[in-house]
Amino acid sequence: MEPLTFDSSDVGLVEATVSKLYSRMRIGAVGACTRAQITRRVMAPEIGFDDLDYSFDIGYSAEPQGLMIVCDVLSNTICTEGEDGEEVFGPGDQFLISRPDLPYAGVAHATRLQFTLLDPALLTRVAATGKADAADPVRVLDHRPVSRQAAQQLRRSTAYVRDSVMAVPDVAQEPLVVSTASQYLAACVLHTFPTTAVATPSSVDRHDASPSAVRRAVAFIDADPDLALTLTDIARAACVTPRALQLAFRRHLDTTPMRYLRRVRLDHAREELRTATADDGRTVAGVAARWGFTHSRFTQQYRAAYGELPSRTLCEESTTTMSR
């Protein structure tokens, strides 16, 4: 076990510490830096728990790491930046702040957080239990829980393993107990988040990965692309599993549901830029944020899709409107 606490008002020291604990990270104080704390850290070979408390707004940008981190927000909010745009999480929310091999960034607004860290190899091993051959490495398909009920169960299970196993010295020294508790928690995570825990699509998933499933999903996305949709939301609307929906989009559209959603949002953003007038106050950053993109990511994806910068679209359309 590896207990640790940390308390500092030095941004440089905070950056060095979190870079050592998680992955190489850039940290910046938004306003005056007052205090950053890790009030408790307990680590076992394949799982760990961190309690963090920031009394100031802290921006972070981290390189990919090998761990999966489930984040529980206890107070205030945290705004994350990812491939699906910016999202805000508040007290009671639970999500994956870090997924293996993906960068992560955002701003924590003077918040208290609880992290549950897991080695992806543990998830793969638990997913393979009872099979003759080892499963492929488990990948997470979405950062949000599949349901509120599943999230609540994971929260209870996490509290049990953290407080009734890892926090009890005599118990935490028993390798078999720790191993069993770790596998139990990994099974709960697999139940809570949509993953590729099934090594190959089931016969039902293959059957459901049909053009009609794609049409239902596309209609659902096209109707409300401005909603905070997840893979699970779209799959539910299409009446198939997330696994079947992923397979259907790959098979029939050569893309993924979330990439399709991002392209629809990009098209709406382009249309908004094209209809802008010189006096309506629209900006590229404002339009990007409205459709779930950070400014830099929006510019990059916009140029790749349309062959020009969004600022050029806005400038040309505004100029055309003025000359009429």
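Note that this is a predicted model, so its numbers are computed, not measured.
No option in Asp93, Asp163, Asp72 other than Asp72 meets the salt bridge (Lys or Arg N to Asp or Glu O under 4.0 Å) test with Arg155.
Side-chain contact, Thr39 with Asp53: no donor N or O sits under 3.5 Å from an acceptor N or O. For Gln153 and Arg156, the side-chain atoms include at least one donor-acceptor pair closer than 3.5 Å. In the model, Gln183 has a side-chain atom that pairs as donor or acceptor with a side-chain atom of Ser179 under 3.5 Å.
Residue Met68 holds its CE atom at 10.5 Å from CG of Asp101, rounded to the nearest 0.5 Å.
The side-chain contact (heavy atoms from CB on, under 4.5 Å) check on His268 picks up Pro225, Val264, Trp291, with sequence neighbours excluded. Every residue meeting the side-chain contact (heavy atoms from CB on, under 4.5 Å) condition with Asp7, not counting sequence neighbours, appears here in chain and number order: Arg35, Gln37. Residues forming a side-chain contact (heavy atoms from CB on, under 4.5 Å) with Ala29 (at least two apart in sequence, or on another chain): Val11, Cys33, Phe56. Residues forming a side chain to side chain donor-acceptor pair (under 3.5 Å) with Gln65 (at least two apart in sequence, or on another chain): Ser98, Tyr104. Looking at residues two or more places apart in sequence or on another chain, you find no side chain to side chain donor-acceptor pair (under 3.5 Å) involving Glu15.
More than 12 heavy atoms of other shown residues, nucleotides or ligands fall within 6.0 angstrom of atom CZ in Arg282.
Counting heavy atoms from C-beta outward, Thr158 and Val70 have side chains that stay 4.5 Å or more apart.
Proximity of a side-chain donor or acceptor of Arg139 to a complementary backbone N or O of Thr195 within less than 3.5 Å is not detected. Formation of a donor-acceptor pair under 3.5 Å by the Asp280 side chain with backbone atoms of Thr277 is found in this model.
Residue pairs satisfying the side-chain hydrogen bond (donor to acceptor under 3.5 Å, both in side chains) criterion with at least one member in residues 19-29, sequence neighbours excluded, are listed as follows: Tyr22-Asp50.
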